[in-house]
Amino acid sequence: MTSALPPYKQAFLETCIKAQILTFGEFTLKSGRKSPYFFQAGNFSSTHLLSAITTAYAETLTTNPVPEFDVLFGPAYKGIPLASGTALKLYELAPEKYAHVGYAFNRKEAKAHGEGGNMVGMSMKGKRVLVVDDVMTAGTAMREAVEIIKREGGVLVGVVVCLDRMEMKVLPEEGGSGLSTVQEIERELEVPVYSILTLDDLISGVDDQEKVAKMEEYRKVYAAKKQ
Ligand SMILES: O=P(O)(O)OC[C@H]1O[C@H](OP(=O)(O)OP(=O)(O)O)[C@H](O)[C@@H]1O
Ligand SMILES: O=C(O)c1cc(=O)[nH]c(=O)[nH]1
């Protein structure tokens, strides 16, 4: 089949399907919604898959007009290997430009011994911080990340995720704005959000029509209409 996606996106999507990173069935999301598809970034768990995903993040950051940043922050847990791997890839791509960029992540539970606390890696105090995470759905995880950055004295300058599910946190019939979580975050926090893939991309690039139909049905209910 000829895909509507650019070849690099199609190839990346096929890798995700083959490695069961993108799976189909019935899944309960953090938001409580039941979804017919799920993106399991924990399955980027081999050398070549971790390299493929972090290369995709690094290329997204080097080919878009991304604001300058000092620290990549990867929210626990799945953001941790993504942010650290992306930092390494950026250094490999452009060592002079990224030599002083650091990475940081949080612990979900504070450590009571040794160095203590719940932050690991480069201090975010007074730094420009870019969040690297896997998936954006209702934005709960992202808002928690923003609070951590503020508490640590950092300044959020941007966000990159692997998948923008294009979902509205609150549906219009329940009083929502009609904007997707990504659109709301961009407006409210005045920072750009970049994504490697979106739900529209999955619908364009997946070959199995039964799976496409289920994603379309889900998109009709939960995805923002204006992109
Ligand atoms: O946009 P949201 O509705 O918040 O949902 C998406 C987030 O939720 C999940 O992480 P989770 O907090 O479950 O942590 P994990 O990385 O430890 O799996 C997922 O990895 C995303 O980061
Ligand atoms: O919304 C979520 O909880 C969620 C969706 C998804 O596709 N992948 C994931 O890890 N979490």
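Start at 1 and go down the list; that is how both ligands and their atoms are numbered. What you see is a predicted model, and the numbers here were worked out from it, not measured in a lab.
Listed here is the closest heavy atom pair of Pro192 and Pro67: CG-CD, 3.8 Å.
Summary of contacts: the protein heavy atom closest to atom 3 (O) of ligand 2 is Lys30 N, 2.9 Å. From the protein, the heavy atom lying nearest to atom 1 (O) of ligand 2 is Thr137 OG1, 2.7 Å. Summary of contacts: the protein heavy atom closest to atom 8 (N) of ligand 2 is Phe39 O, 2.8 Å. The protein heavy-atom contact nearest to atom 9 (C) of ligand 2 is Phe38 CZ, 3.2 Å.
The number of heavy atoms from other shown groups lying within 6.0 Å of OH (Tyr194) is above 12. Within 6.0 Å of NZ in Lys9 there are more than 12 heavy atoms belonging to other residues, nucleotides or ligands. The local environment of CD in Gln20 is sparse, with at most 12 non-hydrogen atoms from other residues, nucleotides or ligands closer than 6.0 Å.
At a threshold of 4.5 Å between non-hydrogen side-chain atoms, the residues Asn106 and Phe73 count as touching. Between Thr181 and Met142, the closest side-chain pair of non-hydrogen atoms is not below 4.5 Å. Within the 4.5 Å cutoff, the side chain of Lys108 has heavy atoms near those of the Tyr77 side chain.
Heavy atoms of Asp133 found under 4.0 angstrom from ligand 1 belong exclusively to the side chain. Heavy atoms of Thr137 found under 4.0 angstrom from ligand 1 belong to the backbone as well as the side chain. In Lys78, the parts holding a heavy atom less than 4.0 Å from any atom of ligand 1 are both the side chain and the backbone.
Taking any N or O of Tyr37, backbone or side chain, none lies under 3.5 Å from an N or O belonging to ligand 2. Polar contact with ligand 1: absent for Ser31 (N/O pair, distance under 3.5 Å). Residue Val135 places no N or O, backbone or side chain, under 3.5 Å from any N or O of ligand 2. Between Gln40 and ligand 2, no N or O atom pair is found at a separation short of 3.5 Å. Backbone and side-chain nitrogen or oxygen atoms of Gly79 are examined, and none is located within less than 3.5 angstrom of a nitrogen or oxygen of ligand 1. In terms of N/O distances under 3.5 Å, ligand 1 is approached by Ala138. In terms of N/O distances under 3.5 Å, ligand 1 is not approached by Met136.
Against a heavy-atom cut-off of under 4.0 Å, Thr140 is close to the following atoms of ligand 1: 1 (O), 2 (P), 4 (O). Close contacts of ligand 1 with Tyr77, meaning ligand atoms under 4.0 Å from a residue heavy atom, involve 15 (P), 16 (O), 17 (O). The distance from ligand 1 to the heavy atoms of Val135 drops below 4.0 Å at these ligand atoms: 6 (C), 7 (C), 21 (C), 22 (O).
Look at Arg33 and you'll find every heavy atom at least 4.0 Å from all atoms of ligand 2.
Of the candidates Val159, Val191, Leu61, Val71, Leu61 is the only one forming a side-chain contact (heavy atoms from CB on, under 4.5 Å) with Leu130.
In this pair, Tyr222 and Tyr218 present their aromatic rings tilted. The plane angle is within the 30 to 60° band.
The side-chain tip of Arg165 points at the ring of Tyr37 from less than 6.0 angstrom away and within 45° of straight on.
Nearest residue to atom 14 (O) of ligand 1 from Arg33, Lys108, Lys30 is Lys108 (criterion: closest heavy atom).
A salt bridge between Glu184 and Arg187 is absent, with no side-chain N of the basic residue lying under 4.0 Å from a carboxylate O of the acidic one. Of the charged side-chain nitrogens involved, none lies within less than 4.0 Å of a carboxylate oxygen, so that Lys18 and Glu14 do not count as a salt-bridged pair.
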